[in-house]
Amino acid sequence: MKKLLFILLFPAFLLTGCEKNTQKLTSADFYELTDNTTHDGVQVGDGASEFIKAYSDYTVQTAYTDVTSSYVTMSIREIPYDENISTLIANFFIDGDAVSEESICEENEIDDEDLYDLLSSSSYLRAHEVIYRYLRFTWADSVITDIDSGELNYNETFEIPRMES
(Lines give C-alpha, C1' and ligand atoms only; values in the text may rest on other atoms or scores of the structure.)
Protein backbone atom coordinates (compact mmCIF):
# COMPACT_ATOMS: atom_id res chain seq x y z
CA MET A 1 0.00 0.00 0.00
CA LYS A 2 2.82 2.44 0.86
CA LYS A 3 4.53 1.76 -2.45
CA LEU A 4 1.29 2.44 -4.32
CA LEU A 5 0.89 5.72 -2.43
CA PHE A 6 4.47 6.60 -3.33
CA ILE A 7 3.88 5.85 -7.00
CA LEU A 8 0.84 8.13 -6.99
CA LEU A 9 2.28 11.02 -4.98
CA PHE A 10 5.94 11.18 -6.08
CA PRO A 11 5.21 12.51 -9.59
CA ALA A 12 2.99 15.16 -8.03
CA PHE A 13 5.82 16.26 -5.75
CA LEU A 14 8.20 16.59 -8.68
CA LEU A 15 5.85 19.20 -10.11
CA THR A 16 5.74 21.31 -6.97
CA GLY A 17 8.70 23.54 -7.66
CA CYS A 18 10.25 25.52 -4.87
CA GLU A 19 7.88 28.41 -4.25
CA LYS A 20 7.71 27.87 -0.48
CA ASN A 21 10.57 28.87 1.75
CA THR A 22 11.06 25.42 3.21
CA GLN A 23 13.07 26.71 6.16
CA LYS A 24 9.80 27.71 7.84
CA LEU A 25 8.22 24.26 7.46
CA THR A 26 8.06 21.79 10.31
CA SER A 27 6.66 18.29 10.54
CA ALA A 28 3.68 19.71 12.43
CA ASP A 29 2.68 21.70 9.33
CA PHE A 30 1.77 18.42 7.65
CA TYR A 31 -0.35 16.82 10.33
CA GLU A 32 -3.89 17.36 11.46
CA LEU A 33 -4.60 18.46 14.95
CA THR A 34 -7.81 17.56 16.74
CA ASP A 35 -11.22 17.77 15.09
CA ASN A 36 -9.90 17.86 11.51
CA THR A 37 -8.06 21.14 12.07
CA THR A 38 -4.60 21.60 10.60
CA HIS A 39 -1.60 23.18 12.28
CA ASP A 40 -2.41 26.36 10.33
CA GLY A 41 -6.01 26.47 11.62
CA VAL A 42 -7.82 25.23 8.52
CA GLN A 43 -10.67 22.82 9.18
CA VAL A 44 -13.48 20.90 7.53
CA GLY A 45 -16.17 23.39 6.51
CA ASP A 46 -13.73 26.21 5.71
CA GLY A 47 -13.78 27.81 2.29
CA ALA A 48 -11.29 29.25 -0.14
CA SER A 49 -10.59 32.43 1.85
CA GLU A 50 -9.42 30.51 4.95
CA PHE A 51 -7.40 28.11 2.80
CA ILE A 52 -5.73 30.92 0.83
CA LYS A 53 -4.94 32.85 4.02
CA ALA A 54 -3.25 29.82 5.60
CA TYR A 55 -1.49 28.37 2.55
CA SER A 56 -0.76 31.22 0.13
CA ASP A 57 3.00 30.74 0.62
CA TYR A 58 2.84 27.02 -0.21
CA THR A 59 2.95 25.27 -3.55
CA VAL A 60 -0.50 23.74 -3.93
CA GLN A 61 -1.36 20.94 -6.31
CA THR A 62 -4.87 20.22 -7.52
CA ALA A 63 -6.64 17.18 -8.99
CA TYR A 64 -10.26 16.52 -9.88
CA THR A 65 -11.75 13.88 -7.60
CA ASP A 66 -14.60 12.66 -9.80
CA VAL A 67 -12.40 11.66 -12.76
CA THR A 68 -9.03 10.02 -13.15
CA SER A 69 -6.71 12.97 -12.89
CA SER A 70 -3.16 13.71 -11.84
CA TYR A 71 -2.17 16.50 -9.49
CA VAL A 72 -1.01 19.67 -11.22
CA THR A 73 0.49 22.77 -9.66
CA MET A 74 -1.88 25.73 -9.79
CA SER A 75 -1.88 29.27 -8.46
CA ILE A 76 -3.74 29.17 -5.15
CA ARG A 77 -6.03 31.95 -6.36
CA GLU A 78 -6.92 30.12 -9.60
CA ILE A 79 -7.92 26.77 -8.07
CA PRO A 80 -11.57 25.92 -8.93
CA TYR A 81 -12.72 25.55 -5.31
CA ASP A 82 -16.38 25.25 -6.37
CA GLU A 83 -15.67 21.97 -8.17
CA ASN A 84 -15.06 18.47 -6.78
CA ILE A 85 -11.31 18.64 -6.33
CA SER A 86 -8.52 17.59 -4.05
CA THR A 87 -5.68 19.94 -3.12
CA LEU A 88 -2.33 18.68 -1.90
CA ILE A 89 0.50 20.34 -0.01
CA ALA A 90 3.59 18.17 0.33
CA ASN A 91 7.25 18.33 1.25
CA PHE A 92 10.29 16.14 1.79
CA PHE A 93 11.96 16.01 5.20
CA ILE A 94 15.53 14.74 5.25
CA ASP A 95 17.01 14.02 8.65
CA GLY A 96 14.10 15.96 10.15
CA ASP A 97 14.57 19.13 8.11
CA ALA A 98 12.23 20.35 5.38
CA VAL A 99 14.08 20.48 2.08
CA SER A 100 13.13 21.48 -1.44
CA GLU A 101 13.61 19.37 -4.52
CA GLU A 102 15.99 22.05 -5.79
CA SER A 103 18.19 21.95 -2.68
CA ILE A 104 18.39 18.14 -2.74
CA CYS A 105 19.48 18.25 -6.38
CA GLU A 106 22.01 21.02 -5.79
CA GLU A 107 23.51 19.39 -2.71
CA ASN A 108 23.89 16.06 -4.50
CA GLU A 109 24.85 17.56 -7.87
CA ILE A 110 22.08 15.76 -9.76
CA ASP A 111 19.39 16.74 -12.25
CA ASP A 112 15.67 16.70 -11.37
CA GLU A 113 15.09 13.48 -13.28
CA ASP A 114 17.63 11.68 -11.04
CA LEU A 115 15.88 12.62 -7.77
CA TYR A 116 13.83 9.41 -7.48
CA ASP A 117 16.92 7.25 -8.00
CA LEU A 118 18.83 9.17 -5.33
CA LEU A 119 16.08 9.13 -2.70
CA SER A 120 15.42 5.42 -3.12
CA SER A 121 19.07 4.36 -3.29
CA SER A 122 20.52 2.12 -0.60
CA SER A 123 23.54 4.33 -0.04
CA TYR A 124 21.48 7.51 0.44
CA LEU A 125 18.95 5.81 2.72
CA ARG A 126 21.71 4.32 4.87
CA ALA A 127 23.02 7.83 5.50
CA HIS A 128 19.73 9.75 5.77
CA GLU A 129 16.19 9.52 7.03
CA VAL A 130 13.91 10.48 4.11
CA ILE A 131 10.22 11.19 4.72
CA TYR A 132 7.63 12.61 2.33
CA ARG A 133 4.77 14.31 4.23
CA TYR A 134 1.53 15.68 2.85
CA LEU A 135 -1.82 17.27 3.67
CA ARG A 136 -4.70 16.52 1.31
CA PHE A 137 -7.91 18.56 1.30
CA THR A 138 -11.08 17.32 -0.40
CA TRP A 139 -13.43 20.03 -1.71
CA ALA A 140 -17.08 20.06 -2.78
CA ASP A 141 -19.47 23.00 -3.20
CA SER A 142 -16.69 25.49 -2.32
CA VAL A 143 -15.90 24.04 1.13
CA ILE A 144 -13.42 21.55 2.52
CA THR A 145 -15.22 18.28 3.17
CA ASP A 146 -12.27 16.22 4.39
CA ILE A 147 -8.66 16.65 5.43
CA ASP A 148 -6.18 13.84 5.67
CA SER A 149 -2.47 13.74 6.20
CA GLY A 150 0.18 11.14 5.88
CA GLU A 151 3.73 10.30 5.23
CA LEU A 152 5.81 7.93 3.25
CA ASN A 153 8.96 6.91 5.08
CA TYR A 154 11.43 5.99 2.36
CA ASN A 155 13.65 4.11 4.78
CA GLU A 156 10.77 1.76 5.66
CA THR A 157 9.31 1.61 2.16
CA PHE A 158 12.58 0.66 0.53
CA GLU A 159 13.50 -1.52 3.53
CA ILE A 160 16.88 0.08 4.12
CA PRO A 161 17.57 0.81 7.78
CA ARG A 162 19.33 4.08 8.53
CA MET A 163 22.77 3.60 10.02
CA GLU A 164 23.60 6.01 12.81
CA SER A 165 26.96 7.71 12.39
Side-chain angles (χ1 to χ4, degrees), residues 1-33 36-42 50-63 69-79 85-138 144 146-165:
M1 178 66 177
K2 286 184 179 182
K3 288 183 182 181
L4 177 60
L5 181 63
F6 169 77
I7 290 168
L8 294 173
L9 294 178
F10 186 77
F13 179 77
L14 290 177
L15 299 173
T16 62
C18 301
E19 294 174 23
K20 174 70 176 167
N21 177 355
T22 57
Q23 297 306 315
K24 296 191 305 188
L25 295 175
T26 66
S27 295
D29 293 325
F30 291 90
Y31 284 95
E32 297 174 47
L33 298 178
N36 268 336
T37 302
T38 69
H39 182 262
D40 291 304
V42 174
E50 294 90 354
F51 185 80
I52 291 168
K53 182 179 178 184
Y55 297 112
S56 63
D57 290 338
Y58 290 76
T59 298
V60 179
Q61 299 169 61
T62 305
S69 149
S70 297
Y71 280 96
V72 295
T73 301
M74 297 181 81
S75 165
I76 196 166
R77 297 194 185 284
E78 295 176 358
I79 294 171
I85 60 167
S86 173
T87 54
L88 182 75
I89 298 169
N91 210 83
F92 276 108
F93 289 80
I94 298 186
D95 299 329
D97 295 325
V99 294
S100 68
E101 173 188 333
E102 180 180 74
S103 66
I104 298 169
C105 292
E106 285 177 10
E107 183 177 312
N108 293 282
E109 299 176 354
I110 61 170
D111 293 324
D112 289 346
E113 60 268 8
D114 298 323
L115 186 60
Y116 170 79
D117 291 336
L118 173 73
L119 295 179
S120 60
S121 72
S122 299
S123 60
Y124 194 81
L125 292 172
R126 284 191 181 109
H128 301 283
E129 177 186 57
V130 178
I131 298 176
Y132 175 81
R133 291 194 170 105
Y134 65 89
L135 272 173
R136 184 175 36 222
F137 302 83
T138 304
I144 298 170
D146 190 30
I147 301 171
D148 68 296
S149 63
E151 72 175 31
L152 177 66
N153 184 320
Y154 277 50
N155 299 76
E156 292 174 4
T157 300
F158 295 102
E159 301 174 4
I160 305 294
R162 179 172 182 231
M163 294 183 177
E164 299 296 328
S165 17

Might you point out which heavy atoms bring E50 and V42 nearest each other, and give the distance in Å? O-CG2, 3.9 Å

Spacing of S86 atom OG and I79 atom CD1 [to the nearest 0.5 Å]: 10.5 Å

Under 4.5 Å between any side-chain heavy atoms of L119 and I94, yes or no? yes

CG-CG distance between D148 and L88, expressed to the nearest 0.5 angstrom: 9.0 Å

Taking all heavy atoms of C105 and all of L115, pick out the closest pair and write down the distance. SG-CD1, 4.3 Å

If you define the side chain from C-beta out and look only at heavy atoms, does anything of I89 sit under 4.5 Å from F137? yes

Nearest 0.5 Å please: distance from the CD1 atom of I110 over to the OH atom of Y116. 13.5 Å

Would you sort out whether Y71 and R136 count as a side chain to side chain contact (heavy atoms under 4.5 Å, CB included), showing the intermediate values? CA-CA 11 Å; Y71 280 96; R136 184 175 36 222; 3.2 Å; yes

The reported gap from CD1 in I131 to CG in N91 (rounded to nearest 0.5 angstrom) is 12.0 Å

How about E109: does its CD atom have over 12 heavy atoms from other parts shown lying under 6.0 Å from it? no

Apply the test side chain to side chain contact (heavy atoms under 4.5 Å, CB included) to residues F51 and I76: give CA-CA distance (whole Å), side-chain angles for both, the deciding distance (0.1 Å), then the verdict. CA-CA 9 Å; F51 185 80; I76 196 166; 3.9 Å; yes

Among F92, Y132, Y124, which one satisfies ring-ring contact (aromatic ring centres under 6.0 Å, His included) with Y154? F92

State the CD-CD distance between E106 and E101, to the nearest 0.5 angstrom. 11.0 Å

Separation between OG1 of T62 and CD1 of I85, rounded to the nearest 0.5 Å: 5.0 Å

Exercise: identify the closest heavy-atom pair between Y134 and A90: CB-CB, 3.9 Å

Mind listing the closest non-hydrogen atom pair of S70 and A63 along with its distance? O-CB, 3.7 Å

Kindly assign one of parallel, tilted or perpendicular to the pair Y58 and Y55, based on the angle between their ring planes and the thresholds 30° and 60°. perpendicular

Do side-chain atoms of N155 reach the backbone of H128 as a donor and acceptor pair under 3.5 angstrom? yes

